[in-house]
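First comes the structure, then the notes that go with it.
Remember, predicted model here, so these are calculated numbers, not experimental data. Chain identifiers are assigned alphabetically (A, B, ...) following the order of the sequence lines, protein sequences preceding nucleic acid strands; residue numbering begins at 1 within each chain.
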Amino acid sequence: MITTQEIIIAGFGGQGVLSMGQLLVYAAMLENKEISWMPSYGPEMRGGTANCIVIVSDAKISSPILSKFDSALILNQPSMDKFADKVHPGGLLIYERSTIINPPTRTDIEILNIPAVEEAHRLGSKQVANVVLLGAYLERRPVVKPENVVLALSKVLPKHRQHLLPVNENALVRGKELAMEAMAEPSTR
Amino acid sequence: MITTQEIIIAGFGGQGVLSMGQLLVYAAMLENKEISWMPSYGPEMRGGTANCIVIVSDAKISSPILSKFDSALILNQPSMDKFADKVHPGGLLIYERSTIINPPTRTDIEILNIPAVEEAHRLGSKQVANVVLLGAYLERRPVVKPENVVLALSKVLPKHRQHLLPVNENALVRGKELAMEAMAEPSTR
Amino acid sequence: MSTNDEISEVRIMKGNEALAEAAFRAGMQAYFGYPITPQSEVIEYLMKEQPKHDCVVLQAESEVAAINMVFGAAGAGARVMISSSSPGISLMMEGISYMTSAELPCLIVNVQRGGPGLGTIQPSQGDYFQATKGGGHGDYRLIVLAPASVQEMADFVFEGFRLSEKYRNPAMILADGALGQMMEKLTLPPAGSLPYVDKPWATTGKPAGKDRRIITSLFIQPEKMEQVNLHLQEKYRQIQAEEVRFEEYGVEDADIVLVAFGLVARICQKTMQLARKKGLRVGILRPITLFPFPSQRIAELAPKLEAIVTVEMNAGQMLEDVRLAVEGRCPVHFKGRMGGMIPSPDEVLEAVEAIAEKRNFELSR
Amino acid sequence: MSTNDEISEVRIMKGNEALAEAAFRAGMQAYFGYPITPQSEVIEYLMKEQPKHDCVVLQAESEVAAINMVFGAAGAGARVMISSSSPGISLMMEGISYMTSAELPCLIVNVQRGGPGLGTIQPSQGDYFQATKGGGHGDYRLIVLAPASVQEMADFVFEGFRLSEKYRNPAMILADGALGQMMEKLTLPPAGSLPYVDKPWATTGKPAGKDRRIITSLFIQPEKMEQVNLHLQEKYRQIQAEEVRFEEYGVEDADIVLVAFGLVARICQKTMQLARKKGLRVGILRPITLFPFPSQRIAELAPKLEAIVTVEMNAGQMLEDVRLAVEGRCPVHFKGRMGGMIPSPDEVLEAVEAIAEKRNFELSR
Amino acid sequence: MEIPPLTNGFELVYKKPRTLTETPMHYCPGCGHGVVHRVLMEVVDEMGIQDKTIGVAPVGCSVFAYDYMNVDMQEAAHGRASAAATGIKRVLPDRFVFSYQGDGDLAAIGTAETIHVVNRGENILMLFINNAVYGMTGGQMAPTTLLGMKTTTSPFGRESGLAGHPLKITNLLAQLPGAYYVTRQAVHTAAAVRKLKKAIQLGFQYQSLKKGTCFIEVVSNCPSGWKMTPTDSNKWLEENMLPMYPLGDLKTPARSMN
Amino acid sequence: MEIPPLTNGFELVYKKPRTLTETPMHYCPGCGHGVVHRVLMEVVDEMGIQDKTIGVAPVGCSVFAYDYMNVDMQEAAHGRASAAATGIKRVLPDRFVFSYQGDGDLAAIGTAETIHVVNRGENILMLFINNAVYGMTGGQMAPTTLLGMKTTTSPFGRESGLAGHPLKITNLLAQLPGAYYVTRQAVHTAAAVRKLKKAIQLGFQYQSLKKGTCFIEVVSNCPSGWKMTPTDSNKWLEENMLPMYPLGDLKTPARSMN
Amino acid sequence: MIRGNVIIAHEICKGCELCIAACPQESLGLSEKINLKGYRYAVLVQDNCTGCINCALVCPDAAITVYREKKHAKGAAADAITA
Amino acid sequence: MIRGNVIIAHEICKGCELCIAACPQESLGLSEKINLKGYRYAVLVQDNCTGCINCALVCPDAAITVYREKKHAKGAAADAITA
Ligand SMILES: Cc1ncc(C[n+]2csc(CCOP(=O)(O)OP(=O)(O)O)c2C)c(N)n1
Ligand SMILES: Cc1ncc(C[n+]2csc(CCOP(=O)(O)OP(=O)(O)O)c2C)c(N)n1
Ligand code: SF4
Ligand code: SF4
Ligand code: SF4
Ligand code: SF4
Ligand code: SF4
Ligand code: SF4
Ligand SMILES: [Mg+2]
Ligand SMILES: [Mg+2]
């Protein structure tokens, strides 16, 4: 069992990187874990990069601020440039395929290349690309049970958006599958 | 010769206590003395009491703020109540007669009671009561030459007030005389 | 994504929102504020939730107006809060000085960002001097609480109101942008648990047969003004005697003690874990009240220590209070980051190692 | 009675007027201010004499507006001054923080009155913390000069402009109401003796073929903001190394040294005379620059002394800087008056005698 | 020759209001502040709202207003009396709240608060004593100082190029929807004082309706700042101030409900 | 299907002004600030006054204006851009000085400065971008927010009882004698942009006359704050903002010389 | 003519003369004496006061109390007080 | 009809579509591709541009340069630029 996961999620503002992190910590709370969600905020929300540090742990969390991470979920090139080096050796880096021009070259970490945007379009809602990535992440680091992510989603989605629950559920599943596929095809890394 | 005189001049705002002090320091400057003029300022200018501490000395002046004085020139009752006790033993206290109900009772200082307002009226300008007092003071403590007070006056009076010079000169002289009279008649003390 | 959903009894909230919700629960009767990053969520949350509560929530035209509305409402007896971030707090300096002089309780929240100037919106502790020494004119002090978690962002609202009313003095929560923005689990204090105190001095309309109440900071006679000051100083001494709060970790056997407040204290906890793994006996003293400062405890510890390292997100402000407490009885070092940068546990560890090995290290970088 | 008559080469002037006249002579190009007792004579004098000089003199609608006009004019390269008294200075805290961050030179004059709050208009030194530690947000310092005579009210205008331009940092003259209001003889420094310095950074219109100039205090990237802060801290260290100024009297053989600034230092001179008459070996150290503070000199003196007595017109603010310098190497006592009260030479003497005889004395009052 | 007053067989027709304290006022001889204070307290007396009234004093000569008005009072920072009054009224909406400010306070440093308090339509009564100078600090130029008028900071007369034109802030405020009743009155004659009293009565009465801000400008004098005798100052006021600041209602409920 | 552009035998009829830097603007897609920036710099370009122009950026989304405008610039404190501009203009009276402010900056925290700068008739050009929200800080209510409009601090719609009516500060300013030219423009259509440019030209031209303040309000959008697409925001602006803030001149030199 | 009377608080009066200027009857004048504050204070100098209260209305120091000969019409006094 | 042409800086464009709405010819549309900032950018989708510069005037990012077929009347271009 994983006891602590320190994760950076980074991309453009508007790609849902912050809510992806929130979803994760809500789900973790349902499992009675300790959590911390620390956004980098700023005028960056106007087109620049946005990121959040998420910590999920069985133990009390000291510093919510970290400079190295167990895992990174990357949704654009500037974030890749900034965070690819910040993953602990042996760690995990998942990135959204269409937004990355220069994929990372490290060999001491696991790297998954997920076509989340493409998949989201296929699922009929480009909003869920982040959930696809989250699904992929949970496949490799099962810090929370996917059903708790769905439960969390059902709690946080406002009424008029509850109809989006199924597509989010699908996205989560597809993310898992894509992760498995990506692992199976090292060429996509 | 007197080398240092530390003086408090106090009365109502509008009685010219501040300018009396200024006149003294201007005259002292003409004699190349060291001087300091420290007003108590405040909303007291609206009807309350006003005072200034004047120091004239042959030597450099350290503290411009004092709690005891060589001489006091007093122009109203509240000031009398406040400062009568603050004169060094052996010192001098001159007060304007018409404004004081309870004259001071100390016997260890010289006390002169000058009808300056009355005299000013007689001279035709109630503004010069303060100069009368100054004249009286200089009779007892010749820190500056009266002619230098007149010279100072001629310098500080704006053009359209230069015609007041003679009456001021007279006031100075009458002050001297009144001081001599007051000393001669201990009953007026 | 709404962060105020009751997924369970325990909530996950942003620090700013936890503080806002706690304010309602602490019986806040009025809030006046003006938006500024990184604390705008406070007023946004209050506005959204206001209909559920009997509390005035007003967006003022500026921080200057806001603090003076606070003055009025506090003078009228209400439990009042105001929040802002560094530049906005600077604009309140006159008003805050007035409130200390008029002895009005209120809670001021500063979710600090990097300065000076417009600076950056990233977290900082650069307003320590302003908060603890008095950024406004005259001799006054605020009661300053420094939270280190979302839980404390909520809890200290209660504590802040309580102390400010107990002493009739403004209290300040000195947080930083990261604390305001981050989300953690917390248990919200129950509503109604902070009783209202009697305020016979408040201007609520002159009671028939009694004297009118006057709220003023004007004492034109210096003799009177000095009395007011002596009274205030006496009050501050009492606060110093009775309200010091701090936390310690591992100081018993420590050779080196890290002194840090707020979020930085948590970063230092991680440093301490890492250091202890390496065999370095590191402890932490975390002042919770910045005024009153735990000077006495630091003075006690100092002679037994190899060194104290003050760690701050500024150029070394609390450092002065630490040095004043230590008075030369052990070396006091400083490790800081500035302008919105947050020190990482690793870099604090580096500094500690350097000190332990008596090497030089970069004070701040 | 006009106080600017040329009775002779030497003049008698009020401190406020001497300062104003000196500003013209120091080549001031713009002044922005707002009336407040006890310094309104500054703007009144400037307005009256302005026609003789090529200098903008503008009464702003508030201190907030005034300091931001100063920002603009200083950014445009002008030699600018602003003056006020305590509550008005508090309102400038945001603007001052901005100016330090944007590295704009200017001269700020605070003719202090008793606080906190509206307080009283009588003299005080209650804004020492605000002036020296930064009452605004963020890590910044002002260069702070404390005059003790009307002569210095004039001289330090030159010094203030010079230092502020040398370091591109606001300088402050920290006077008090008594210094502003009192009249003394002084020799006015000659006009034109302070050369203008080149300000290639000033926004005077982009020179063709060169880069535009930007005056800003916004550095949104914390990495950049930290660099700005490191640069500022480096500058402050340089100022500390090079610009400390103080005066000493009789410290050579002293057992007790009085540390006092401004007018109080002169009161202490009288105390020293009285004390020496009584056989007490008293000396005086008068910091002229409050930042940079003469810590080193005090540290040197401390081990040789029986005691240091810090004398201030506040509740003990410079006291902290003295204690930081002394670091426990000799006892440091405090004698203060507050809220507009001025300590008399006699009462300081009493405190000194009590200390010499190891008796208790009333700290203040 | 002094005539001793007779009271036998006479009845009292005027005495100072009970809610004015016995403390002698610190104002200069002839200063209009005293009159406004008294009239204000007359209205409080007559309306029987002493126990429900909370006033806010400004920084200016009337900074000590709380010494004279026997109602609960606060002394606000310079320019912020209306902000403080907002704070009071918002938490005590059923009290009668008034602010009292000079022209420097209300129309210079406090301009933003003034505009926004009225724009929000805070249900308070604002009294604005326009004496065209900063009396308290020694007669400096105010936003309302007339062109050409000499003050200690306009020693050669106010000049529009340097200092702009006199600011008729009351006229601006009258246009804000939040203003319910806006009027300009004076105290230089007995007739003017009578009208002012009516206006203040209305101002308090309207407050219960909670329909917006009542704003009363009082064109007043400052014998000390103007360097005139009180009688001359009133004459000068009539001849110079009133043409610039004509008396009368600028907005009345009828019109505001248009 | 993309059509590749042809330039053969074509002449340039529009390109961005030289005095706009190459730095990509940080504004949200469709934000009016960019348009105003560009038009402003077009005028500076065409008048050939790049070397004589000094601008002041506010605190608000346009805080980085100096990154885009290739003229000497200052970044002033929140609300104080016009005060800073006053400082600049007073010491450099022959330069062209403009301030650029949002509605929060100019009409909330900076109200006093705004009123007094115009009242003194400072010879500067003030640009006022009214997008009815605080864009920078995340879409909070501004003084100009419409009644009923939802913002993050008026989540149930602005309600006049709590927050007052929208403040038409430009209308107030137009009445001050210090104002020389006051106009309200927009950027939601090409035609509006053309008119804005004319207005800015006038604003700069008049500045040389030293006859007072030129003030241009630009009714603009904030797609992010309004939570609309840019095109929707422009539609909404036309339908909701313009009735409250009708376009056109509020004061022109002819009229102001009456 | 209705007969009136004023009582002026000598020690409160600041001798501003506004009451004198406001009196339609020219009933008032300044005393020769000065009070403790240093002011010549206002006094009745003619016995023709009508009790019109004008002087009281303009007095900045609320120093004046006014009396009027009792009339039969009861309403008059109250009227005057609220004038 | 006058023929015009626009060049749109792909990497500057934020895909706000204001130019599309402003074009009287409906010449513009969004590309299917996204640029490095993550936006679908504006492109010519019809060959009927008249060079009226409307699109350029409303573009908040100054991303559009407009060309027009050379006319004989010399003044036209300058006219347009200062429009
Ligand atoms: C922040 C601040 N700035 C300046 C002052 C000084 N000050 C006191 S009263 C006053 C002006 C008073 O003028 P006004 O409001 O017109 O009232 P008046 O005295 O004329 O009745 C000023 C500038 C102050 N106390 N506080
Ligand atoms: C003193 C101070 N208060 C508050 C802020 C936070 N703040 C930054 S921009 C802004 C409002 C911006 O709104 P507006 O002026 O309308 O400009 P916009 O972003 O809409 O263009 C605020 C409140 C600040 N930086 N400084
Ligand atoms: S200075 Fe002017 S306003 Fe103040 S009390 Fe005197 S006359 Fe009245
Ligand atoms: S937040 Fe609004 S005003 Fe700011 S850049 Fe975005 S759209 Fe423009
Ligand atoms: S009551 Fe009338 S008539 Fe009598 S003294 Fe007064 S003003 Fe004159
Ligand atoms: S109006 Fe009042 S203060 Fe003035 S002279 Fe008459 S009684 Fe005295
Ligand atoms: S120039 Fe005119 S016609 Fe051509 S694309 Fe632009 S708007 Fe359309
Ligand atoms: S207007 Fe400009 S930024 Fe917007 S889509 Fe068109 S080219 Fe792109
Ligand atoms: Mg006034
Ligand atoms: Mg806006």
Margin query: Rounded to the nearest 0.5 Å, what separates atom CG in C:Asp139 from atom OG1 in C:Thr100?
Written below: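 One gets 9.5 Å once the value is rounded to the nearest 0.5 Å.
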Notebook entry, point to check: Looking at C:Ser85, C:Ser83, C:Ser86, which hits side-chain hydrogen bond (donor to acceptor under 3.5 Å, both in side chains) with C:Gln39?
Noted result: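 So the option named by the test is C:Ser83.
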Item checked: Partners meeting side chain to side chain contact (heavy atoms under 4.5 Å, CB included) with C:Glu327 (sequence neighbours left out) ->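 With neighbours one apart ignored, the set is C:Arg329, D:Arg323.
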Check: Passes side-chain contact (heavy atoms from CB on, under 4.5 Å), C:Gln130 versus C:Met93? Steps please.
Finding: CA-CA 9 Å; C:Gln130 186 191 59; C:Met93 284 303 122; 3.4 Å; yes
Notebook entry, point to check: Can you tell which of D:Gly119, D:Ala315, D:Ser97, D:Gly136 has the highest number of heavy-atom pairs within less than 4.5 Å of chain C?
Noted result: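 Between D:Gly119, D:Ala315, D:Ser97, D:Gly136, the count favours D:Gly119.
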Notebook entry, point to check: For the candidates D:Pro87, D:Gly316, D:Gly340, D:Gly88, which exhibits the highest count of non-hydrogen atom pairs separated by less than 4.5 Å from chain C?
Noted result: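 Highest number of pairs under 4.5 Å: D:Pro87.
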Check: Could D:Lys133 and D:Glu320 be called an ion pair, given the rule that one side-chain N must be under 4.0 Å from one carboxylate O?
Finding: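 A salt bridge is absent here (no side-chain N lies under 4.0 Å from a carboxylate O).
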Among the listed options [options], the residue most often paired with chain D at heavy-atom distances under 4.5 Å:
options                                : result
C:Gly328, C:Ala102, C:Ser217           : C:Ser217
C:Tyr140, C:Phe219, C:Tyr236           : C:Phe219
C:Gly134, C:Ser101, C:Ser124, C:Pro116 : C:Pro116
C:Gln317, C:Glu94, C:Met99             : C:Glu94
C:Asn229, C:Leu218, C:Thr120, C:Leu118 : C:Leu118

Note to self: Test: ring-ring contact (aromatic ring centres under 6.0 Å, His included). Region: residues 116-138 of chain C. Which pairs qualify, not counting sequence neighbours?
What the structure shows: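 Every ring-ring contact (aromatic ring centres under 6.0 Å, His included) pair that includes a residue of residues 116-138 of chain C, provided the two are not neighbours, is C:Tyr128-C:Phe261.
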Report which part of [X] has an atom under 4.5 Å of a heavy atom belonging to chain D: side chain, backbone, both, or neither.
X        : value
C:Gln112 : neither
C:Ile96  : neither
C:Gln233 : side chain

Heavy-atom contact with chain C under 4.5 Å, split by part of [X]:
X        : answer
D:Ile342 : neither
D:Leu324 : both
D:Glu223 : both

Notebook entry, point to check: Yes or no on side-chain contact (heavy atoms from CB on, under 4.5 Å) for C:Leu230 and D:Met338, after CA distance, side-chain angles and deciding distance?
Noted result: CA-CA 8 Å; C:Leu230 288 169; D:Met338 287 176 283; 3.4 Å; yes
Check: Is the count of non-hydrogen atoms from other residues, nucleotides or ligands lying under 6.0 Å from D:Glu300 atom CD greater than 12?
Finding: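 Correct, the count exceeds 12.
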Next item on the list: Walk me through it: do C:Tyr98 and C:Leu104 pass the test side-chain contact (heavy atoms from CB on, under 4.5 Å)?
Entry: CA-CA 9 Å; C:Tyr98 267 67; C:Leu104 294 181; over 6 Å; no
